[in-house]
Amino acid sequence: MEPETGESLSLLVDGIDTEVMSWVLREFRGWLGEEEGEVWVVLDRAGWHVSPRVEVPEGVRLVFLPPYSPELQPVERVWPLVNEAVANRYFADLGALMEAVEGRWLVLQGDRELLRRHTLFHWWPGAKGSA
């Protein structure tokens, strides 16, 4: 999520660990392109975020939120929007669940203003006057 624009990249995975986190960071860096310069990725302190085994690509800076503060993570406010597709529903298997989540995310990705409204906090760098 890029809170100022509502632009986003989604990578749907069925598990997470330091290897997957390293892959996500590489995909993110590639999505942005080299012309973007240094980018910050704001993260909580989940074990797979802070592990020294995570490979951080050149030009990516990990910025960690204070412990026990998920309310400061902009993307946390997006999960309820994603969960609308799966709440109170039965899925025969993981594939069906992931398909529903993917479909919902594609809808959300198409509504950048909605994502921006949910993630652009007043204290976000550069957000003064834009939220």
*Find out whether Ser8 and Trp105 are in side-chain contact, i.e. whether some heavy atom of one side chain is under 4.5 Å from a heavy atom of the other.*
yes
*Are Ser10 and Gln109 side-chain neighbours, meaning at least one heavy-atom pair lies under 4.5 Å?*
yes
*Smallest separation among heavy atoms of Ala100 and Phe91, with atom names*: CB-CE2, 3.6 Å
*asked:* If you compare all heavy atoms of Glu84 against all heavy atoms of Arg104, which two are closest, and at what distance to 0.1 Å?
replied: OE1-NH2, 2.8 Å
*Assess whether side-chain contact (heavy atoms from CB on, under 4.5 Å) is satisfied between Trp23 and Val13, documenting all intermediate values.*
CA-CA 11 Å; Trp23 173 78; Val13 297; 3.8 Å; yes
_Co-membership, hydrophobic cluster, residues Leu94 and Val86, 4.5 Å side-chain_ = yes
*asked:* When you measure from the side chain of Ser51 to the backbone of Trp48, do you find a donor-acceptor pair of N or O atoms at a distance under 3.5 Å?
replied: no
_Step-by-step side-chain contact (heavy atoms from CB on, under 4.5 Å) determination, Glu4 to Leu120_ = CA-CA 6 Å; Glu4 290 184 23; Leu120 186 58; 3.9 Å; yes
*asked:* For Glu19, is there any backbone N or O sitting under 3.5 Å from a side-chain donor or acceptor partner on Arg53?
replied: no
_On a heavy-atom basis, which atom in Asp44 and which in Glu76 lie closest, and how many Å separate them?_
OD2-OE2, 4.5 Å
*asked:* Hydrophobic cluster membership, with links at side-chain heavy-atom distances under 4.5 Å among I/L/V/M/F/W/Y: are Val24 and Leu32 in one?
replied: yes
*Please check if Trp79 and Leu12 belong to a single hydrophobic cluster, counting links between Ile, Leu, Val, Met, Phe, Trp and Tyr side chain heavy atoms closer than 4.5 Å.*
yes
*Take Leu11 and Leu9 through the side-chain contact (heavy atoms from CB on, under 4.5 Å) test and state the conclusion after the steps.*
CA-CA 7 Å; Leu11 302 168; Leu9 168 70; 4.1 Å; yes
*For Glu58, does the CD atom have more than 12 heavy-atom neighbours from other residues, nucleotides or ligands under 6.0 Å away?*
no
*Test salt bridge (charged side-chain N to carboxylate O under 4.0 Å, His left out) on Arg26 and Glu55 and set out the steps.*
CA-CA 8 Å; Arg26 285 191 305 273; Glu55 299 169 10; 3.6 Å; yes
_Stepwise side-chain contact (heavy atoms from CB on, under 4.5 Å) test for Leu43 and Met21_ = CA-CA 11 Å; Leu43 300 165; Met21 185 64 194; 4.0 Å; yes
*Separation between CD of Glu27 and OG of Ser22, rounded to the nearest 0.5 Å*: 12.0 Å
*State, with a plain yes or no, whether a side-chain heavy atom of Leu81 is found less than 4.5 Å away from one of His118.*
yes
*Measuring from His49:NE2 to Leu62:CG, what's the distance to the nearest 0.5 Å?*
9.0 Å
*Given the rule that I, L, V, M, F, W and Y join up when any side-chain heavy atoms are under 4.5 Å apart, are Val78 and Leu97 in one cluster?*
yes
_Residue pair Gly33 / Arg29: nearest heavy atoms and the distance that separates them_ = O-NH2, 2.7 Å
*Output the distance between atom CZ (Arg112) and atom CZ (Arg117), rounded to the nearest 0.5 Å.*
14.5 Å
_Passing candidate, side-chain contact (heavy atoms from CB on, under 4.5 Å) with Asp111, options Leu108, Leu114, Leu115_ = Leu114
*With a cut-off of 6.0 Å (strictly less than), are more than 12 heavy atoms of other residues, nucleotides or ligands near CD of Glu99?*
no
*asked:* Test of understanding: clusters of I, L, V, M, F, W, Y form through side-chain heavy atoms closer than 4.5 Å, transitively. Do Val60 and Val20 belong to the same one?
replied: yes
